[in-house]
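Heavy atoms only: backbone and side chains are in, while hydrogens, waters and symmetry mates are out. All chains are named by letter (A, B, ...) in the order of the sequence lines, taking the proteins before the strands, and each is independently numbered beginning at 1. If you're wondering where the values come from, they're calculated on a predicted model, not measured in any experiment.
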Protein chains: 2
Amino acid sequence: MMTIEDGWTDGAGGVDRTPGNRSRDALRAAQMYYLQDLTMNAIARELRTSRSTVSRLLSMARETGLVQIQVNNPSDRAPALEQQISRRFGVEAHVVPVADSVNDSEVLDRVAIQAARTIGPLVDSNAIVGVAWGSTLSAVSHHLTRKQTHDSTIVQLNGAGNTQTTGITYASEILRRFGQAYGARVEQFPVPAFFDHAATKTAMWEERSVRRILDLQRRMTMAIFGVGSIGAGIPSHVYSGGYLDREDLETLETDEVVGDVATMFFRADGTHRDIVLNTRSTGPELDQLCTVRRRICVVSGESKINGLRGALAAGLATDLILDEGSARRLVHS
Amino acid sequence: MMTIEDGWTDGAGGVDRTPGNRSRDALRAAQMYYLQDLTMNAIARELRTSRSTVSRLLSMARETGLVQIQVNNPSDRAPALEQQISRRFGVEAHVVPVADSVNDSEVLDRVAIQAARTIGPLVDSNAIVGVAWGSTLSAVSHHLTRKQTHDSTIVQLNGAGNTQTTGITYASEILRRFGQAYGARVEQFPVPAFFDHAATKTAMWEERSVRRILDLQRRMTMAIFGVGSIGAGIPSHVYSGGYLDREDLETLETDEVVGDVATMFFRADGTHRDIVLNTRSTGPELDQLCTVRRRICVVSGESKINGLRGALAAGLATDLILDEGSARRLVHS
DNA sequence: ACGCGCTGTGCACGTTTGTGCAATGCAGTT
DNA sequence: AACTGCATTGCACAAACGTGCACAGCGCGT
């Protein structure tokens, strides 16, 4: 007979309800399904359980990152669009195929899913990942697949408070999801998105609690953000959500701002000197952002194209994930 | 309207029968299926084709290595069996889960499939992969998944001729399949498995045509082999296939041989000095084999356990892929 | 022009897979 | 012991999927 210790690598012996079985069975099932091409029925027989349980074990295996599915386009024959974008803008492009017939919210959803799956493999142990907030990142955060890492940290890139709410629940939900997916510590940045007075920012930036976050940001190994865009149809969250008053919006216009990344603004040519609002923004200095090894920009929807152009001109991203429609718009002009 | 040039990254425009579409559609389909979780029906609509075609595109994407599915067991909580084997024998173990109720030939098949999928990701560009022959490798070769590589070479580890046939079709089929899967050059080793006289081997080993192969073997980055085993129930191919005569088998017994790798023999303790048959064998010197960075041993069936123990004692493998039954037998000693 | 073989397509069918639901088991509480 | 709340299971049904088959388009040789 087998002892319990033996039993725990064993699916064929007697039925064994030791706790922790589930994840072991999930691994066995995943191997049999994905590596041996058995049907769920056959697996159920070997595991002495029902087919439906196997189905559930497999979804669990996928969700917890036990199974990783990646689609590589052998770079030698990558789709033309991706190559063109790479050449022209010096970023690694991931174009999300989407027929132009689908509506904007579905495009966002699908870009978000694919972005989440693309980001997954890039998160290593000991990583310090900066994460912005906004509708794009919120969508992405809903689709992250888990991956076990050690000692990684998710750090908030910019404050999220505004004049109406502290914005904390919204932003912190995003962060929390990232942290949970990668088993990482989460470091929130409990400041408003914009200070009313630049002097307050200067003062706060001397506080040790704040410096701790800024220090983490300086040591980021990866940053993930969307872009905000001015000018085109729908304004982003930042431009309509109560973060900026009429006067602020006017100064943006005067400064010829076309968009922002993590509430730091820039112009169409990528410059950001002397944009007054940036002195009150809590986002990371763009020059400093550019020193981060991997900077992933997620964009969905053609309305963001102006902001995106500026961000690319500023060299803010090393990787760009965007829907096919926007990609085409980007290169065709 | 779109021009044809636009059309070729486009699935939504008019129906477009440009050649090469298939692999592009396969990529699009794979992204939509595996990264965006659409159903095949939805994909068919966007690609303007039928669901069945999408199904076929997806199988193509999997077969050609466009999609790679890997199952990782986060090493911190790897199954106990694998950890035990790793510790005791100093190899990375991949245990293939198989209920003990399934018959030997199915076990072989399933080990082969999983081995093929495990090997795939390890083959890089510029690799020189040594491949042995035998029933195990034959089974593996049938299940390799394609993967695009540049300038890699598959080299035969040991001659395959015997007194009855040249053995070439059998061995070369295996090699050919490896070559095709990885887009690699194939270098056969057109010599018998064993020379009748050691002197012939010495002479042949000076021939430039042979030296070219030996040189490749010296520069191998990876070797893949099974084990032969003496003593247990069913003897391996080598021991029964007309490669050795009665006298040879007697000398093996005298020399206390327990098994072989690529027709080079060894004893239970892993030693191989003064085994006379090795002087006539065309397999690689075992000491030299041990200098190869990655040495993958595939074993299926408990009858091979004696040979396997010897091979492990000799330190011939860095990676071991074997079925669960054998694995258990191995650690329970 | 015609026929031939080849490749790729959609249909139809049987198989495989996902999931709402009710039943069961188990732990903690009254 | 009885009760309650939560997690897990198998069932049954519907959705999604794979594949043999017949047919259409195309290139090629006669």
Exercise for the section: Specify the separation, in whole Å, of atom OH of B/Y34 and atom C1' of D/dA16. Expected result: 13 Å
Handout entry: Which residues share a side chain to side chain donor-acceptor pair (under 3.5 Å) with A/D37, sequence neighbours left out
Key = B/R117
Practice task
Tell me what B/T49 touches on the nucleic acid: a base, only sugar-phosphate, or nothing, going by heavy atoms under 4.0 Å.
Solution key: sugar-phosphate
Exercise for the section: Output all residues satisfying side chain to side chain donor-acceptor pair (under 3.5 Å) with A/N126, sequence neighbours left out; order by chain, then residue number. Expected result: none
Handout entry: Side-chain N,O (B/S59) to OP1/OP2 (D/dG18) below 4.0 Å
Key = no
Atom pairs, protein N/O to nucleotides 13-18 of chain C N/O, distance under 3.5 Å:
unit_1: C/dT17; atom_1: OP1; unit_2: A/Y33; atom_2: OH; d: 3.0
unit_1: C/dT17; atom_1: OP2; unit_2: A/M40; atom_2: N; d: 2.8
unit_1: C/dG18; atom_1: OP2; unit_2: A/S55; atom_2: OG; d: 2.9
unit_1: C/dG18; atom_1: O6; unit_2: A/R51; atom_2: NH2; d: 2.7

Handout entry: A/D109: partners by side chain to side chain contact (heavy atoms under 4.5 Å, CB included), with sequence neighbours left out
Key = A/H143
Exercise for the section: Could you state the atom-to-atom distance from CE of A/M60 to P of C/dT19 in whole Å? Expected result: 16 Å
Practice task
Before accepting this row, confirm whether a basic side-chain N of the pair A/R56/A/E63 lies closer than 4.0 Å to the acidic partner's carboxylate O.
Solution key: no
Handout entry: salt bridge (Lys or Arg N to Asp or Glu O under 4.0 Å) partners of B/E187, counting only residues at least two apart
Key = B/R212
Completion exercise
Those residues at least two apart in sequence (or on a different chain) that pass side chain to side chain donor-acceptor pair (under 3.5 Å) with B/T118 are none
